[in-house]
Amino acid sequence: MAQTSNSTIAGALDELGDLYELDGAVVHRVVAYRNAAKAVRDSPVSIAELAVAGRVTELAGIGATLEQKILDLVQTGRIPAAERLRERFPAGVLAIVGLPGIGPKRARRLFEELGIDSLESLGEAARAERLRGVRGFGEKFEQSVLATLAAGVDASPRRRVPLDRALAIGELVVGELRDRDRELGSDPPARIELAGSVRRRAESIKDLDVVIGAADPAALLDALGELAAIESAGRTSATAARGQTHTGMVVELRAVAADQFGNLLQHMTGSKQHNAALRERAVRMGLHVSEYGVLDDATGETHRCATEAEVYELVGLSYIEPELRENREELRRAAGGVFPRLVELSDIRGDLHCHTVASDGRETILEMGRSAAARGYEYLAITDHSATHGFGNDVSPDELRRQIEKVHEADAKLPGIRLLAGSEVNILPDGSPDYDDDLLAELDWVIASVHTSFGMAGDAMTERIVAATGHPLIDAIGHPTGRMIGRREPYAVDIDALVGAAAASGTLLEINSNPNRRDLSEVNARAAVHGGAGIVINSDAHSSGGFDVLRYGIWTARRAGLEPAAVLNTLAWDELAGRLKRTRRD
DNA sequence: GCCGTTTTCGGCCCGACTGTTTTCAGTCG
């Protein structure tokens, strides 16, 4: 029997939180379920296994009660409490929660007093002007409901976009605001930074947050609507403005005095859960953290912080990098001292996955090699697609032999960088690569990926990729889960099984840096390192400009808490080559 | 429901906004 996945368990806990909230539970109990759901979702190890082993309460946020509910779910597939609550509250009531202005309390009141149990019955009641008869509801609420339903419920939660799109717009906005500040002649210049999930380098972004530290921010706030990226904007208060980009993203500007900039940047960078946990810790120390300062109960004094580091220092923590602020383990670790240094772009000494005109790339081996050398890389593996299910030009075995020669020729022409003859081979449905072993043995580096039959069932897909890790000449697995952020679910591979097989065989796992992939994800990358597998971070570039995406892979690794030593292409090639299983086997 | 520099009970982040209400509950980020 397939074991219950972390995401299934997390989903069940989230649902329980929603149901208890409707049921009128105290907010802290509801929050406890949501925190537990997040802890499960972010866990790099199997929660089902942990629960069966009696160790699940080791996770922060899971106690004896939730342990039992998780065990029920894992062992019987059901949670009795959830079933009882579902009988009391039709699914349509939960669907109403989350509409603008409707939380659990109001949804429950509408359900109990007017029997509203679906979007349809909500709309009917609004049109019939019956909602205003309920205490706490009025005419404006009815209009808001009708507007929401008219716009389509799907339109209400704004679409999330991958980080690269949000970052491009955010950097444009910040750049223009800084230009404007210079034109205004501010002295000292205003501090203007991106905050929010963009600064945390999250996988996908809902809206953009920009923070300003300035004595007189009015002119900057008023300028938002004039920026190239902004379609419409307006002031929302003396210290804030809100606009919308031409792409439909909401941009929030917040301003404070320069000596509070650290407080605001910390507050607006979040995450919400990180901030809540930080503030709970502060309260235990008699301190109250907000975007305006840190109030000390003992003295009645509010400390204003020009930098974030001061905020963390006041609550007894070492500085926490934005990428880690997700309320995973970072507060506990920061209380214990300084973090090990996270991997950085400048640590990467070579790229082991790129394409040329031989398959679906747009540039030649020489062009790609020159560009990689110019970026300071010591080595570059040319890994065009293999022959089956071709991308652009199918690289037949004979063509691959010629390609190996071409790589050697180009390598001789390019001093300062080592070009490696490689291939991105397909993992066929039976788990084998699509070149013969004698040909693979002529290559310096082989990365193997799934490009077909994405729909295979979990056991078969897992067997398929695990089989590939067992091949002596496959050095790494490319984009191991196939997920596309916001567009395609990962294929049904058991990540624990894959990590175990990769660690046992010495097969490396890729963090593919394409911003639509970032695969392994941060959670899976953490699982991989936890399970003893080695990581490589690659661009999968299809042109020389494609090398730029490596920063997204780096950010995924940093969000996973990876240090340079966990990432094998921080090594010189000779050292890395010596660790490959094809070498170690000899 | 969890958790401990308040340790087996009594707490549990902070501020802004909205609509409805005459002082605030609920929602939101």
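Reminder, nothing fancy here: chain letters follow the sequence lines and each chain counts from 1.
- Between the C1' atoms of B:dG1 and B:dT5, the separation comes to 23 Å (whole Å).
- As rounded to the nearest Å, B:dC3 and B:dT8 have C1' atoms that lie 10 Å from one another.
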Please write out each protein N/O paired with an N/O of nucleotides 20-22 of chain B under 3.5 Å, distance rounded to 0.1 Å.
| from | atom 1 | to | atom 2 | distance (Å) |
| --- | --- | --- | --- | --- |
| B:dT20 | OP1 | A:G138 | N | 2.6 |
| B:dT20 | OP1 | A:G138 | O | 3.3 |
| B:dT20 | OP1 | A:F141 | N | 3.4 |

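- Rounded to the nearest Å, the gap between the P atom of B:dT21 and that of B:dA16 is 24 Å.
- In this structure, A:V289 reaches the sugar-phosphate backbone alone: every heavy-atom distance under 4.0 Å involves primed, P, OP1 or OP2 atoms, never a base.
- The ring-ring contact (aromatic ring centres under 6.0 Å, His included) pairs that include a residue from residues 33-58 of chain A are A:Y20-A:Y33, where partners are two or more places apart or lie in different chains.
- Rounded to whole Å, atom P of B:dC14 lies 13 Å from atom CG of A:D296.
- Not one N or O on the side chain of A:R559 forms a donor-acceptor pair closer than 3.5 Å with the backbone of A:E326.
- To the nearest angstrom, P of B:dT27 lies 12 Å from CZ of A:R108.
- A gap of 23 Å separates the P atoms of B:dC14 and B:dC2, to the nearest Å.
- Nucleotides B:dT23 and B:dG19 are separated by 14 Å at their C1' atoms, to the nearest Å.
- Applying the side-chain hydrogen bond (donor to acceptor under 3.5 Å, both in side chains) test to pairs two or more places apart or on separate chains, none has a residue in residues 163-175 of chain A.
- Among the nucleotides B:dA16, B:dC13, B:dG29, the one closest to any side-chain atom of A:Y292 is B:dA16.
- Between the P atoms of B:dC12 and B:dT7, the separation comes to 15 Å (whole Å).
- Going from the C1' atom of B:dG11 to that of B:dT6 covers 8 Å, rounded to whole Å.
- Proximity of a side-chain donor or acceptor of A:H267 to a complementary backbone N or O of A:V289 within less than 3.5 Å is not detected.
- Checking A:R200, A:R328, A:R41 one by one against A:E522, the salt bridge (charged side-chain N to carboxylate O under 4.0 Å, His left out) holds for a single residue, A:R328.
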For a quick check, with a 4.0 angstrom heavy-atom cut-off, what is the B/S/- contact string for nucleotides 1-12 of chain B, read 5' to 3'?
BSS--S-----B

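- Take A:T556 and apply the side-chain hydrogen bond (donor to acceptor under 3.5 Å, both in side chains) test, not counting sequence neighbours, and it matches A:R518.
- For B:dT20 and B:dG26, the P atoms lie 14 Å apart once the distance is rounded to whole Å.
- No side-chain donor-acceptor contact under 3.5 Å links A:D117 to the backbone of A:G92.
- Annotation: proximity of residues 315-336 of chain A to DNA chain B (heavy atom, distance under 4.0 Å) is found for no residue.
- Without hydrogens or angle criteria, A:R526 side chain to A:D42 main chain gives a donor-acceptor distance under 3.5 Å.
- Pair assignment for B:dT8 gives none, since no Watson-Crick or G-U wobble pairing has each distance under 3.5 Å.
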